[in-house]
Amino acid sequence: MSPPWSKPLDIDRLADGEADVDFAVPLAELSRLRAQIASVEGLVRGRVHFTRESGFVVADLTLSGAASMTCQRCLEAMSESVASTARMALIVSEADANRVPEHLEPVLAADGRVTIGELVEEELLLALPIVPLHAEASDCVVAEEVPAVKVEAPEPTTQKPFAQLDQLLKR
Ligand SMILES: [Zn+2]
C-alpha cells in the first residue's frame with residue numbers, strides 16, 4: 001500500500017474544506033530530492049494547511065526534521081536539521097506562474113492534484129544544500145594533514161552544538 005503522503009489529492013476539495021494534513025515523509029523516498037542529493041536519508045514531519053488566496057489554492061507548509069547526507073568533503077555521513085515554512089500557490093499550468101503574487105511560491109499541481117510528498121520535496125530542494133558539507137572543515141572525518149610546524153596545543157575538536165542553530169537563525 002502506498003503511504004498517505006504519496007497519494008494525489010484534489011486541491012480544490014482540500015481548499016474548500018480548509019483541510020489540515022499532517023505528514024511524516026522519509027526523505028530517501030523522494031526521487032527528485034534523491035537525484036539532487038545522493039544518499040539523502042532522514043524524516044521530516046509537519047502539516048499542510050490548505051486555503052485560497054488571489055484565486056489560487058494555497059498550501060501553507062510547515063516542516064521540521066533532520067536530513068542525513070554524505071559530506072562532499074570527507075564523504076562521511078552528516079546530519080542537518082531542517083525547519084522550514086513555505087506558502088505555496090498551487091498552479092494547474094506553468095502559464096499561471098506569472099500571475100502568482102510575489103509572496104507565494106508557485107508549485108505545479110497538474111490536473112488539479114498534488115501529493116504531500118511533492119510539496120515537501122519542493123521545499124526541501126530549496127532548504128537543503130546542493131553540496132552538503134560539514135559546517136566546519138575541522139568537523140570532517142579526515143586524516144589530519146601533518147602540520148609543517150609542530151604546534152604545542154592540539155586543535156580543539158570539541159563538538160559545536162550551536163553551529164546548526166546559528167545556521168537556522170540566519171535563514
Ligand atoms: Zn565532512
Side-chain angles (χ1 to χ4, degrees), residues 1-8 20-49 59-90 94 97 100 102-110 114-171:
M1 222 183 82
S2 54
W5 57 263
S6 69
K7 289 204 179 92
D20 284 308
V21 182
D22 292 322
F23 61 81
V25 178
L27 303 189
E29 291 182 40
L30 299 174
S31 53
R32 280 174 62 213
L33 186 67
R34 217 179 42 215
Q36 183 174 300
I37 308 171
S39 75
V40 66
E41 280 180 39
L43 185 80
V44 293
R45 293 174 189 280
R47 171 176 288 194
V48 192
H49 178 66
D60 275 303
L61 171 73
T62 308
L63 61 78
S64 64
S68 150
M69 298 166 285
T70 304
C71 169
Q72 294 307 298
R73 194 158 38 208
C74 66
L75 300 180
E76 293 292 330
M78 55 167 281
S79 177
E80 177 141 329
S81 33
V82 214
S84 200
T85 59
R87 215 164 141 69
M88 300 168 164
L90 306 184
E94 300 268 8
V100 172
E102 226 166 76
H103 64 284
L104 299 176
E105 185 189 321
V107 174
L108 190 64
V114 78
T115 70
I116 298 297
E118 284 164 349
L119 299 180
V120 169
E121 188 165 51
E122 199 68 37
E123 182 56 20
L124 290 176
L125 284 168
L126 297 174
L128 291 177
I130 295 173
V131 181
L133 292 173
H134 283 110
E136 305 277 344
S138 56
D139 294 339
C140 284
V141 192
V142 282
E144 295 274 324
E145 280 179 50
V146 182
V149 182
K150 240 191 165 176
V151 203
E152 290 290 9
E155 279 282 307
T157 51
T158 44
Q159 291 281 327
K160 297 186 189 67
F162 297 113
Q164 292 197 338
L165 183 65
D166 262 350
Q167 280 193 342
L168 286 175
L169 291 173
K170 267 183 232 154
R171 290 212 180 115

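The basis for the numbers below is simple: all heavy atoms, side chains too, and nothing from hydrogens, waters or symmetry mates. We number each residue from 1, following the sequence as shown. Nothing here was measured: the structure is a model prediction, and the numbers come from that model. Both ligands and their constituent atoms are indexed starting at 1 by order of listing.
Evaluation of the salt bridge (charged side-chain N to carboxylate O under 4.0 Å, His left out) test over residues 21-40, restricted to residues two or more places apart or in two chains, returns Asp22-Arg47, Arg32-Glu122.
Using modelled atom types, one finds a donor on one side chain and an acceptor on the other under 3.5 Å when comparing Ser39 with Thr70.
With hydrogens and angles ignored, the 3.5 Å screen pairs no side-chain donor or acceptor of Gln72 with any backbone N or O of Val131.
Residue Ile130 qualifies as open at atom CD1: its count of foreign heavy atoms under 6.0 Å is 12 or below.
Protein atoms of type N, O or S found under 2.8 Å from the Zn ion (ligand 1) total 4.
Residue Phe23 holds its CZ atom at 5.0 Å from CG of Leu63, rounded to the nearest 0.5 Å.
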Apply side chain to side chain contact (heavy atoms under 4.5 Å, CB included) to the pair Val120 and Leu30, showing each step before the final yes or no. CA-CA 9 Å; Val120 169; Leu30 299 174; 4.2 Å; yes
